[in-house]
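Remarks on the structure that follows.
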Amino acid sequence: PGLARSAHRRAERRRTMTRGGAGNQKGIALLIVLAALSGISLAAILAAGNSARILGETMVVRDNVIARQAEMAALDMFGARLSLPAGASGFRLNLGRASVDVQVKSEAGKLDLNLADEATLARFFSAILGDPDRGVRMAAAVADWRDADGLTRLNGAEADDYRALGRSQGPMNGPFESVQDLISVLGVDDPLFLCVRPFMSVHAGAQIPDARFAASTVLRALGLTAQQTPDSASVIGALGARSGDVYELTTIIAVRGERPKPAIAYVVRALGNPRQPLAILDRQPAGDWERQSRDGCATLGGQERGSP
């Protein structure tokens, strides 16, 4: 009997272990199934997240393409017509989901950094700064920047003067490639650069700005006689643009459902060719140049201080 009871107990333990083992196997199987389901859910979530990201990036690319196409269409439209309605300073082009506002200014009304003589530059800077001595220095420094020699003119600045003030780069001794180069000229600080940037050009093509297209700031500084229509774009609308003329076109693009794109300033030359109406000479972010100009001028002591 004792052996029988022992055998019975051993058999019970084996059955218990077998039931426990089966239960453990079922539990393990259930965990594997849950893990697999969780893995599938996680993969699905990751896939959905990637799809949303890819979709978002695709929409951004699409909107940028739409904006770029609308921008180019607006430029081509101006190049093909070379005119504005009388009294208009620009125009709007609507193309499906995108619209482009274009402001037009003639470069001929600006002061050419490469062609204006030193006396004209001195008159302009002196009026802006309210300081004839500094105005003369600025003009001479600009002239030394663009001339081909390394000789320092009276009140000017050449490589040694730049090095003496810790500048690693001296004057280019060549033409200004962009108005942006002006900030590198010795003596030109941020307020002066911001103040005069809208009134300067490297594409005006004349020693003296054309008074028909010049801003009031330029007219007053140089003592030019204002025309009956001081707004340059209105004059363009009245006279019509001509092949070979150079213009600044500032574009502001809006795509429906999106924030307006940053303004871009183009400098273009009218070619008079229906297949290629414009040649793009320069392209850069415009920002709020007019406000920056007012703020820069307001810190100076010249005629534009505090002007609206």
Side-chain angles (χ1 to χ4, degrees), residues 107 109-209 214-215 217-218 220-223 248 265 267 281-307:
E107 290 289 287
K110 300 180 181 181
L111 192 63
D112 196 308
L113 280 168
N114 290 320
L115 297 181
D117 61 29
E118 192 174 341
T120 300
L121 290 168
R123 190 158 62 251
F124 177 78
F125 283 121
S126 296
I128 293 295
L129 292 164
D131 182 345
D133 291 337
R134 187 182 174 194
V136 167
R137 292 196 301 274
M138 290 298 94
V142 167
D144 270 338
W145 177 280
R146 70 192 188 190
D147 65 21
D149 60 60
L151 302 175
T152 306
R153 65 187 64 222
L154 182 64
N155 298 308
E158 284 289 354
D160 289 344
D161 302 290
Y162 284 79
R163 282 194 292 268
L165 292 177
R167 298 281 192 95
S168 60
Q169 181 179 348
M172 290 297 294
N173 290 332
F176 284 85
E177 295 180 357
S178 167
V179 173
Q180 191 68 30
D181 293 343
L182 183 62
I183 191 64
S184 299
V185 173
L186 200 66
V188 177
D189 54 19
D190 287 348
L192 177 58
F193 174 73
L194 293 174
C195 176
V196 303
R197 176 172 55 182
F199 315 121
M200 312 296 280
S201 174
V202 295
H203 302 290
Q207 288 187 338
I208 301 293
T217 295
V218 176
R220 289 195 297 268
L222 298 181
E248 179 190 271
V267 178
L281 306 178
D282 192 19
R283 179 185 185 273
Q284 58 181 308
D288 191 354
W289 284 0
E290 291 186 2
R291 179 188 59 78
Q292 293 172 0
S293 177
R294 290 195 299 269
D295 291 347
C297 291
T299 67
L300 305 174
Q303 64 175 27
E304 298 304 309
R305 184 174 185 178
S307 63

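This is a predicted model, so every value here is computed, not measured.
- Looking only at distances, no side-chain donor or acceptor of Ser126 sits under 3.5 Å from a matching main-chain atom of Arg123.
- For Gly296 against Cys195, the heavy-atom pair with the smallest separation is C-CB, 3.9 Å.
- Taking CE of Met200 as the reference point, atom CD of Gln180 lies at 13.0 Å (rounded to 0.5 Å).
- Of all heavy-atom pairs between Ala204 and Ser201, the closest is N-OG, 3.2 Å.
- Counting only heavy atoms from C-beta outward, the side chains of Arg153 and Asp147 approach each other to under 4.5 Å.
- To the nearest 0.5 Å, the span separating OG on Ser184 from CZ on Arg167 amounts to 7.0 Å.
- To the nearest 0.5 Å, atom OG1 of residue Thr217 and atom NZ of residue Lys110 are 12.5 Å apart.
- For the residue pair Ala159 and Pro171, the shortest heavy atom distance occurs at N-CD, 3.7 Å.
- Between the side chain of Tyr162 and the backbone N or O of Ala157, no donor-acceptor pair lies under 3.5 Å.
- Going from atom CG of Asp181 over to atom CZ of Phe193 covers 9.0 Å, rounded to the nearest 0.5 Å.
- Put simply, the side chain of Asp149 does not reach to within 4.5 Å of the side chain of Asn173, judged on heavy atoms.
- The backbone N or O of Gly187 sits less than 3.5 Å from a side-chain atom of Arg134, completing a donor-acceptor pair.
- Of all heavy-atom pairs between Thr299 and Pro191, the closest is OG1-CB, 3.1 Å.
- Between Glu107 and Val267 there is a side-chain heavy-atom pair separated by less than 4.5 Å.
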task = Verify side chain to side chain contact (heavy atoms under 4.5 Å, CB included) between Asp133 and Asn155, making sure each step is shown before the conclusion.
result = CA-CA 9 Å; Asp133 291 337; Asn155 298 308; over 6 Å; no
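- Considering Val218, Ile208, Val196, Leu121 as possible partners of Leu111, the one that fulfils the side chain to side chain contact (heavy atoms under 4.5 Å, CB included) test is Leu121.
- When atom types are taken as modelled, the side chain of Asp144 and the backbone of Thr152 share no donor-acceptor pair closer than 3.5 angstrom.
- In this model, a donor atom of one side chain and an acceptor atom of the other lie less than 3.5 Å apart for Thr120 and Asp117.
- A salt bridge between Asp161 and Arg137 is absent, with no side-chain N of the basic residue lying under 4.0 Å from a carboxylate O of the acidic one.
- More than 12 heavy-atom neighbours from other residues, nucleotides or ligands sit within 6.0 angstrom of CD on Gln284.
- Atom CH2 of Trp289 sits about 15.0 Å away from atom CZ of Arg294, to the nearest 0.5 Å.
- In this structure, Arg146 contributes its side chain and Leu113 its backbone to a donor-acceptor pair below 3.5 Å.
- The nearest pair of heavy atoms linking Ala141 to Val185 is CB-CG1, 3.7 Å.
- Between Met138 and Leu192, some side-chain heavy-atom pair lies under the 4.5 Å cut-off.
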message = Before you tell me yes or no, could you show the steps for Asp295 and Arg291 under salt bridge (Lys or Arg N to Asp or Glu O under 4.0 Å), namely the whole-Å CA-CA distance, both residues' side-chain angles and the distance that decides it to 0.1 Å?
response = CA-CA 6 Å; Asp295 291 347; Arg291 179 188 59 78; 3.0 Å; yes
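- Atom NE2 of His203 and atom CG of Leu115 lie 11.0 Å apart (nearest 0.5 Å).
- Ring planes of Phe124 and Phe199: perpendicular class, angle over 60° (limits at 30 and 60°).
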